[in-house]
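Have a look at the structure below before the remarks.
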There are 2 protein chains.
Amino acid sequence: MIKVAVVEDHPIMVEGLKNILRSDAGIQVCGDYGDGKSVLQALEKSQPDVILMDVNLPDTSGVNLCGEVKKKYEDIKVIALSIHDEQPVIHSMLQNGASGYVLKNALGNEIIRAIYAIMDGEEYLCSSTKEALKNADMELLKAIPRITRREKEILQLIGKGLTTMQIADQLFISTHTVESHRKNLMEKFGVNNTTSVVKLASEYKLL
Amino acid sequence: MIKVAVVEDHPIMVEGLKNILRSDAGIQVCGDYGDGKSVLQALEKSQPDVILMDVNLPDTSGVNLCGEVKKKYEDIKVIALSIHDEQPVIHSMLQNGASGYVLKNALGNEIIRAIYAIMDGEEYLCSSTKEALKNADMELLKAIPRITRREKEILQLIGKGLTTMQIADQLFISTHTVESHRKNLMEKFGVNNTTSVVKLASEYKLL
DNA sequence: AAATAAATCCCGGAAAACAGGGGTTTTGTC
DNA sequence: GACAAAACCCCTGTTTTCCGGGATTTATTT
């Protein structure tokens with residue numbers, strides 16, 4: 001019996017997943033969690049074999065959560081569930097130890113297939129994910145930049161349309177500091193203007 | 001018996017919805033459709049009382065689809081289902097004739113409540129939606145701006161990080177023209193810098 | 001305790017965007 | 001065909017961002 005935990009913040013989705021998984025005799029859903037914190041708590045008591053993990057969670061990103069889970073419990077397999085087929089997101093999840101990546105527009109049995117595949121030690125990507133990765137060589141694929149708390153804060157204010165000066169005023173720091181952060185953000189994202197940073201950040205759900 | 005049709009492109013979500021709706025004796029799910037085209041076809045043969053409609057569909061937006069459905073079949077009630085609680089999206093759906101707006105992170109019974117409420121002629125907004133609308137008076141609420149082909153083209157190039165001059169070169173128009181479009185975009189979005197335009201456009205799925 | 005990363009601050013010149021006016025020519029719709 | 005809307009073009013001055021260097025102080029992490 002494969003024990004599966006579901007991490008997903010949309011109750012309707014959870015309902016659908018549980019329904020699908022119940023239909024398979026070899027799988028047992030041992031719990032569902034709506035955010036990262038609750039699943040980390042639950043893992044301290046008992047561990048499932050597989051975690052089906054939504055990439056977009058209210059309190060943390062699936063990318064981070066996946067990394068944390070794999071750091072502490074390396075034997076737990078993680079399958080990422082996502083509505084996004086953006087390469088950097090997929091790439092980051094896999095780099096953080098996910099064994100599978102299934103898009104939410106997948107059919108129910110694709111998830112069951114994924115669970116069995118990764119329990120056999122394989123890596124499972126759904127067809128659309130494979131498609132999305134195909135025309136990009138893994139080497140050049142850039143992961144989602146790791147940005148600091150402060151950078152994120154500034155990024156959000158930039159996204160709101162504030163100018164450097166307004167941000168400086170609001171955070172009680174100098175405009176020079178804001179400009180430094182802006183510069184660092186552009187560098188981390190590999191672009192040369194703030195607009196692109198905001199666009200990418202918004203694609204990567206960093207805003 | 002209330003006949004409900006489900007328009008939603010994520011099979012797992014469909015599964016969850018049907019499961020929830022089945023649990024209520026007064027509701028009958030009379031069909032599910034993965035895109036706008038198939039539901040419009042199906043409506044020609046028979047009409048449900050209520051359509052649960054995802055706002056993000058592969059072939060069209062829920063906003064457009066809702067408008068089309070209501071134009072042809074004004075008696076069908078539409079409940080929008082969405083992961084977004086952005087005011088303009090909500091507002092646009094309601095303006096296009098939706099009778100309800102429920103976020104996907106809602107509980108299952110909230111959807112059943114919504115169905116009964118709108119069958120009683122009420123308008124139903126889930127709590128988070130109400131929250132999102134609260135601190136904005138409906139009058140000032142701006143809908144998603146209607147942008148022209150050309151503006152969209154320019155918006156995308158801006159999003160790619162090109163400067164006004166690069167865009168002008170690429171489209172064989174003068175920088176002045178590009179600046180005019182940029183200006184118009186800012187005005188339509190009600191913001192005063194391009195970064196915000198890009199952020200909003202990306203939120204509204206216009207990029 | 002040492003090393004790394006984060007956050008802060010600083011400068012000046014160049015490049016770009018913004019603001020706020022003006023006007024003409026297509027294109028589409030009633 | 002009339003009318004409106006879109007797309008196009010032009011100008012000047014101001015503000016803001018970008019780029020290229022710096023440096024210092026505080027966390028973290030090892």
Side-chain angles (χ1 to χ4, degrees), chain A residues 60-61 63-64 67-68 70-72 95-96 143-202 206-207, chain B residues 64 67-68 71 142-202 206-207:
Chain A
T60 176
S61 79
V63 176
N64 288 336
E68 281 184 59
K70 292 297 283 191
K71 202 160 68 186
K72 285 190 198 152
Q95 283 230 314
N96 274 274
I144 298 176
R146 245 171 69 7
I147 63 172
T148 66
R149 259 183 268 98
R150 196 57 153 181
E151 281 164 354
K152 184 171 181 179
E153 198 174 0
I154 277 152
L155 186 48
Q156 282 162 345
L157 294 173
I158 292 173
K160 278 194 189 166
L162 303 193
T163 67
T164 296
M165 212 196 293
Q166 290 172 319
I167 295 170
D169 279 0
Q170 189 163 332
L171 299 181
F172 304 108
I173 57 181
S174 103
T175 56
H176 302 295
T177 307
V178 178
E179 292 215 51
S180 290
H181 286 302
R182 196 191 278 275
K183 221 186 311 182
N184 291 335
L185 282 167
M186 286 191 277
E187 193 173 352
K188 284 190 179 179
F189 280 83
V191 295
N192 48 13
N193 59 256
T194 314
T195 304
S196 303
V197 171
V198 169
K199 200 201 130 209
L200 290 174
S202 128
L206 255 39
L207 279 172
Chain B
N64 289 335
E68 282 184 58
K71 202 158 67 185
K142 45 180 180 299
I144 296 176
R146 247 175 58 25
I147 63 171
T148 67
R149 261 182 265 99
R150 195 58 153 182
E151 280 164 354
K152 185 172 182 177
E153 198 174 0
I154 277 152
L155 186 49
Q156 282 162 345
L157 293 173
I158 293 173
K160 278 194 189 164
L162 304 191
T163 67
T164 297
M165 212 197 293
Q166 290 172 316
I167 295 169
D169 280 0
Q170 189 162 332
L171 300 181
F172 304 108
I173 58 180
S174 104
T175 56
H176 301 295
T177 308
V178 178
E179 293 216 50
S180 289
H181 287 303
R182 196 191 277 274
K183 217 189 312 181
N184 291 335
L185 283 167
M186 286 191 279
E187 198 178 344
K188 285 190 179 178
F189 281 83
V191 297
N192 47 14
N193 59 255
T194 314
T195 303
S196 303
V197 171
V198 168
K199 199 201 131 210
L200 289 174
S202 128
L206 256 40
L207 278 174

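Hydrogens, waters and symmetry mates play no part in the numbers below; they use all other heavy atoms, side chains included. Every chain is numbered from 1 and lettered A, B, ... according to where its sequence line falls, protein lines coming before strand lines.
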_Spacing between B:Ile167 atom CD1 and D:dC8 atom P, to the nearest angstrom_ = 12 Å
*Tell me whether the OP1 or OP2 atom of D:dA27 has a side-chain N or O from A:Arg149 closer than 4.0 Å.*
no
*Look at all strands and tell whether A:Asn184 reaches a base, only sugar-phosphate, or nothing, counting heavy atoms closer than 4.0 Å.*
nothing
*asked:* Side-chain N or O of A:His181 versus OP1/OP2 of C:dA7: is the shortest distance under 4.0 Å?
replied: no
*Check whether any side-chain N or O of A:His176 sits under 4.0 Å from OP1 or OP2 of C:dC11, and answer yes or no.*
yes
*For the side chain of B:Lys183, counting heavy atoms from C-beta on, which of C:dA19, C:dG21, D:dC19 is nearest?*
C:dG21
*Rounded off to whole Å, could you give me the CG-to-P distance for the A:Leu185 and C:dA6 pair?*
12 Å
*Is the shortest side-chain N/O distance from A:Thr194 to OP1 or OP2 of D:dT17 below 4.0 Å?*
no
*Length of the line joining B:Ile154:CD1 and D:dC9:P, which is rounded to integer Å*: 10 Å
*Can you find a donor-acceptor N/O pair under 3.5 angstrom joining the side chain of B:Ser174 to the base of D:dC10?*
no
*Determine the sole option in B:Arg182, B:Glu179, B:His181, B:His176 for which the side-chain hydrogen bond (donor to acceptor under 3.5 Å, both in side chains) test with B:Thr164 is passed.*
B:Arg182
*Quick one: are B:Ile173 and B:Val178 in side-chain contact, heavy atoms under 4.5 Å?*
yes
*Using only side-chain N and O atoms of A:Thr177, determine if any of them is under 4.0 Å from OP1 or OP2 of C:dA7.*
no
*asked:* Heavy-atom count check: over 12 atoms from other residues, nucleotides or ligands less than 6.0 Å from B:Lys160 NZ?
replied: no
*Whole-Å gap separating P (D:dC8) and CG (B:Leu171)*: 8 Å
*Separation of A:Glu187 atom CD from C:dA5 atom P, in whole Å?*
13 Å
*asked:* With a 4.0 Å cut-off on N to O distance, would you call A:Arg150 and A:Glu153 a salt bridge?
replied: yes
_Side chain of A:Thr164 (C-beta onward), nearest among D:dT17, C:dC9, C:dC18_ = D:dT17
*Could you check how far CD of A:Glu179 sits from C1' of D:dC18, rounded to whole Å?*
8 Å
*Neighbour count >12 (heavy atoms, 6.0 Å) for atom NZ, A:Lys152*: no
*Give the rounded distance in Å between these two atoms: CG of B:Leu162 and P of C:dA15.*
18 Å
*Among D:dC10, C:dC9, D:dT16, which is the nearest nucleotide to the side chain of A:Thr163?*
D:dT16
*Would you indicate whether the side-chain heavy atoms of B:Leu171 and B:Leu157 approach each other to under 4.5 Å?*
yes
*Can you figure out which of D:dC18, C:dC10, D:dC8 approaches the side chain of A:Asn193 most closely?*
D:dC18
*Figure out the CE/P separation between A:Met165 and C:dC18, and round it to whole Å.*
15 Å
*May I ask you to verify if any side-chain N or O of A:Arg182 is less than 4.0 angstrom from the OP1 or OP2 atom of D:dT17?*
yes
*asked:* Nearest to the side chain of A:Arg146, heavy atoms from C-beta on, is which of D:dC8, C:dA6, C:dA19?
replied: C:dA6
